[in-house]
There are 2 protein chains.
Amino acid sequence: MKSSTIYDVAQAAGVATSTVSRAFSNPDRVGAVTREHVLEVARRLGYQPNPHARALVSRRTRTVAMVVSDITNPHFFELIRGAEMRAKASGYTLVLVNAEESPRIELEQINRLTRSVDGFLLAASRQPEEDLLQLAAGHRVVVVNRRVPGLASVVLEHAEGCRQMVAHLASLGHSSVVYLAGPRNSWTAASRWAAIRGAAAELGLHAQRMGPFAPTVASGGAAADAALTTGATAAIAHNDLLAIGVLRRLADRGVQVPADVSVVGFDDIFAADLCTPTLTTLGGAHADVGRAAVEILLNSMEHPRDHAPELVVPSELILRRSTGSARTGGRPDG
Amino acid sequence: MKSSTIYDVAQAAGVATSTVSRAFSNPDRVGAVTREHVLEVARRLGYQPNPHARALVSRRTRTVAMVVSDITNPHFFELIRGAEMRAKASGYTLVLVNAEESPRIELEQINRLTRSVDGFLLAASRQPEEDLLQLAAGHRVVVVNRRVPGLASVVLEHAEGCRQMVAHLASLGHSSVVYLAGPRNSWTAASRWAAIRGAAAELGLHAQRMGPFAPTVASGGAAADAALTTGATAAIAHNDLLAIGVLRRLADRGVQVPADVSVVGFDDIFAADLCTPTLTTLGGAHADVGRAAVEILLNSMEHPRDHAPELVVPSELILRRSTGSARTGGRPDG
DNA sequence: CAACACGTGGCAACCGTTTGCCGTCTTGAG
DNA sequence: CTCAAGACGGCAAACGGTTGCCACGTGTTG
């Protein structure tokens, strides 16, 4: 199963290796008839360029890495899928890296891969901002669902989304909401809280924050209990996983949702439409986010001088059964 | 940000490049004090070996590819996670490939990657058996959740699991079950049906098969309708996604689960515990499957002559609310 | 008709490692 | 004291491409 090389092809075609190389990687550089002949011979020999040899000199690997804070979180599936498909469409390979919610592991893995990939997609990175900037000085980087001044980024809109969310609650008669915050170093957690607080102030609601909580179902218990102590009639969980955990705990404690308290989440994961009651949540086209991130990365390789774009993908408030009129047990008006 | 090479280290340390190389990749081959000195200098210079140069000559890339039939299926998340973690633990990188349920794309991607990875994990491959054998002749391959004579494989046990499942239904008084089959070229679909039919015969139940259906929620509607036409009181769906779709459709049609018909799935995905009613399903440690698959692959690289192992990871029947006494509306006895 | 610009193909250096082979220096045995 | 056997380090040839530069032939221009 010895695979054929550029040399075999060159010899069989009666040309120099440089011609074979160019026939593949720079077709315009060789005459049409020579090129066709070379390609034909190559096909016959089953020649396939060796990506490592190629990468060694050209310094392009046609591979991008996507680092996610936690591979277990269903929220990332769509993101990953979108990224994978877009990468494949351009003949790129997607390497998946799980940071396990640890900035240290995240950094370690990035360093391990620097020589093997053309760029990084950093999804929900937990790195401090300055570390990201430093990273970006050495590598091509697109941050996803986080915004860092000066870096290319793609985020799912959530300022306006949070506003709509709070407005939705306000219209249902809620006057006090609590935000069950995500991890301390999560950019989205900070950003969402700011938006929620702003919208609440604007609409005359009382807003407070509890946490931080891990964005998992398991943390939902503590989050639910914390929410209840505040007396708020509506709880906005940092993500759907946490919200589902909250729902469970409330059910266990005999608290009715949405009659006694309304619950909302973020991400619109698959399970949000299955839990009881179904979950009102801020969703959006996560696959588009992944797709766009890869696209920006690929683009930045061709036009390195461009200004780093900051893309915002629209979100969408999905009304389901977990929100209702404050303390009256009504149904959502959606 | 020009990165330092083995040559820089050699010069700074006053040794030959071969010594630097060996200090990293074959430590026993150099004297202890020289080695320490070299490593120290390397650290000071921030040297990191170039994986492509390394792969070019050594023919080892320290990368494995995992090909999944559909990256969107939550069932794979655990599998992927287990594989990723095991790979990382040995300093390997995991490349994720989505076959989009298409044997053609699957093959294309495999060919694209042959030169860049040390081996393949083929999860729920849709390839015909002979193609897999041919593939395995040229590459290191471990098939996951499929068994192919002569190839290394890891599967989540399901023959015994199906038996338990049928026994569970029998004990609830069901006398007729229908298997809502997965894709035509799915090995698990065939294998499960065989096990179900065998167990049913053994226990005196009537079993029939409908389908094939795509293993998605969307296909659940058709599957539910097909199940109802059979008059069976219990439906075994090819996976949880399909089962959830069935649950939805039955609810829409006003059919009570489990009072009128019991439903069971496979995989125990996260959502199985959230849907209404919660889903009885055959689960298991999917992460262990992924972990084991990587382990076998890595092992096979060190001992290429070994017989291809066929590992079976135990499964576990999870009883929830979607199964109950036949036509009486009882609750599960678990 | 000379001068020149292109369009093509070949030559050879280089990318950063690994590794077979060789030479030297120790060391311990006879 | 001699000699064989390691142990250790260095030399240089791969690995399989890419790419700057040169040479040659032809068509165009003044």
Side-chain angles (χ1 to χ4, degrees), chain A residues 1-42 45-63 91 112-118 301, chain B residues 1-42 45-63 91 112-118 301:
Chain A
M1 194 73 183
K2 204 82 207 73
S3 58
S4 51
T5 73
I6 210 176
Y7 292 97
D8 305 328
V9 178
Q11 184 162 11
V15 300
T17 61
S18 45
T19 303
V20 178
S21 171
R22 287 196 269 253
F24 280 92
S25 50
N26 197 359
D28 296 338
R29 187 59 179 68
V30 312
V33 6
T34 317
R35 184 199 323 137
E36 288 315 317
H37 175 223
V38 167
L39 293 180
E40 164 55 23
V41 171
L45 265 49
Y47 166 73
Q48 274 203 284
N50 179 318
H52 295 109
R54 203 174 247 206
L56 190 53
V57 35
S58 70
R59 278 144 196 318
R60 296 281 248 74
T61 64
R62 300 191 76 78
T63 299
R112 227 177 67 65
L113 287 174
T114 41
R115 297 252 142 18
S116 354
V117 305
D118 291 340
M301 319 194 57
Chain B
M1 194 74 183
K2 204 85 207 70
S3 58
S4 51
T5 72
I6 209 177
Y7 189 81
D8 305 326
V9 177
Q11 183 160 12
V15 299
T17 60
S18 46
T19 303
V20 178
S21 171
R22 286 196 269 254
F24 280 92
S25 49
N26 196 359
D28 295 338
R29 185 62 178 66
V30 311
V33 6
T34 317
R35 184 199 322 140
E36 288 314 317
H37 176 223
V38 167
L39 293 180
E40 163 57 23
V41 172
L45 264 51
Y47 166 73
Q48 275 204 286
N50 180 317
H52 295 108
R54 201 174 251 209
L56 190 53
V57 32
S58 71
R59 281 147 191 317
R60 297 280 247 74
T61 64
R62 300 192 77 78
T63 298
R112 228 179 67 64
L113 288 174
T114 42
R115 297 251 142 20
S116 351
V117 306
D118 291 341
M301 320 192 58

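All values derive from a computational prediction rather than experimental measurement.
- B:Asp8 meets the side-chain hydrogen bond (donor to acceptor under 3.5 Å, both in side chains) test with no other residue; sequence neighbours excluded.
- Annotation: side-chain hydrogen bond (donor to acceptor under 3.5 Å, both in side chains) contacts of B:Asn50 (sequence neighbours excluded): none.
- Taking atom CG on B:Asn50 and atom C1' on C:dG16, their separation rounds to 6 Å, with Å as the unit.
- Rounded to an integer number of Å, the gap from CZ of A:Arg62 to P of D:dT18 is 12 Å.
- Here the CG-OG distance, from A:Leu113 to A:Ser116, works out to 5.0 Å after rounding to the nearest 0.5 Å.
- Note that OG1 of A:Thr19 is 9.0 Å distant from CD1 of A:Ile6, once rounded to the nearest 0.5 Å.
- Nearest heavy atom pair, residue A:Phe24 against residue A:Ala42, reads CZ-CB, 3.6 Å.
- Going from atom CZ of A:Arg54 over to atom CZ of A:Arg62 covers 7.5 Å, rounded to the nearest 0.5 Å.
- Dense packing is recorded around CD of A:Gln48, with more than 12 heavy atoms of other residues, nucleotides or ligands lying under 6.0 Å away.
- Between A:Leu56 atom CG and D:dC15 atom C1' there is a gap of 9 Å when expressed in whole angstrom units.
- Listed in residue order, the members of residues 28-35 of chain A having a heavy atom less than 4.0 Å from DNA chain C are A:Arg29, A:Val30, A:Gly31, A:Thr34.
- The stretch residues 12-25 of chain A touches DNA chain D through A:Ser18, A:Ser21, A:Arg22, A:Ser25, each having a heavy atom under 4.0 angstrom from the strand.
- What separates CD1 of B:Ile6 from P of D:dG9 is a distance of 15 Å, to the nearest Å.
- Taking atom CZ of A:Arg60 as the reference point, atom C1' of C:dC15 lies 16 Å away to the nearest angstrom.
- Terminal axes of the helix from C:dC1-D:dG30 to C:dG30-D:dC1 (five pairs each, C1' rotation axis) are separated by 40°, to the nearest 10°.
- Within the 4.0 Å cut-off from OP1 or OP2 of D:dT18, not a single side-chain nitrogen or oxygen of A:Tyr7 is found.
- When the P atom of D:dG9 is taken as reference, atom CG of B:Asn26 falls 12 Å away, rounded to whole Å.
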Can you pull every protein N or O that's under 3.5 Å from an N or O on nucleotides 25-27 of chain C?
none

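- Scanning for side-chain hydrogen bond (donor to acceptor under 3.5 Å, both in side chains) contacts around A:Thr61 gives A:Asp118, with sequence neighbours left out.
- Considering only residues two or more places apart in sequence or on other chains, B:Ser25 meets the side-chain contact (heavy atoms from CB on, under 4.5 Å) condition with B:Ser21.
- Closest approach of B:Leu56 to A:Ala53, counting heavy atoms only: CD1-CB, 3.6 Å.
- Sorted by first and then second residue, the side chain to side chain donor-acceptor pair (under 3.5 Å) pairs involving residues 27-42 of chain A (not counting sequence neighbours) are A:Glu40-A:Arg43.
- Side-chain contact between B:Val30 and B:Val38: absent, with no pair of heavy atoms (C-beta onward) separated by less than 4.5 Å.
- Spacing between atom CD of B:Gln48 and atom P of C:dT17 amounts to 10 Å, rounded to whole angstrom units.
- To the nearest angstrom, C1' of D:dC15 lies 13 Å from CG of A:Asp8.
- The line from OG1 of B:Thr17 to OH of B:Tyr7 is 8.5 Å long, rounded to the nearest 0.5 Å.
- The side-chain hydrogen bond (donor to acceptor under 3.5 Å, both in side chains) search around A:Arg112 returns B:Thr93, not counting sequence neighbours.
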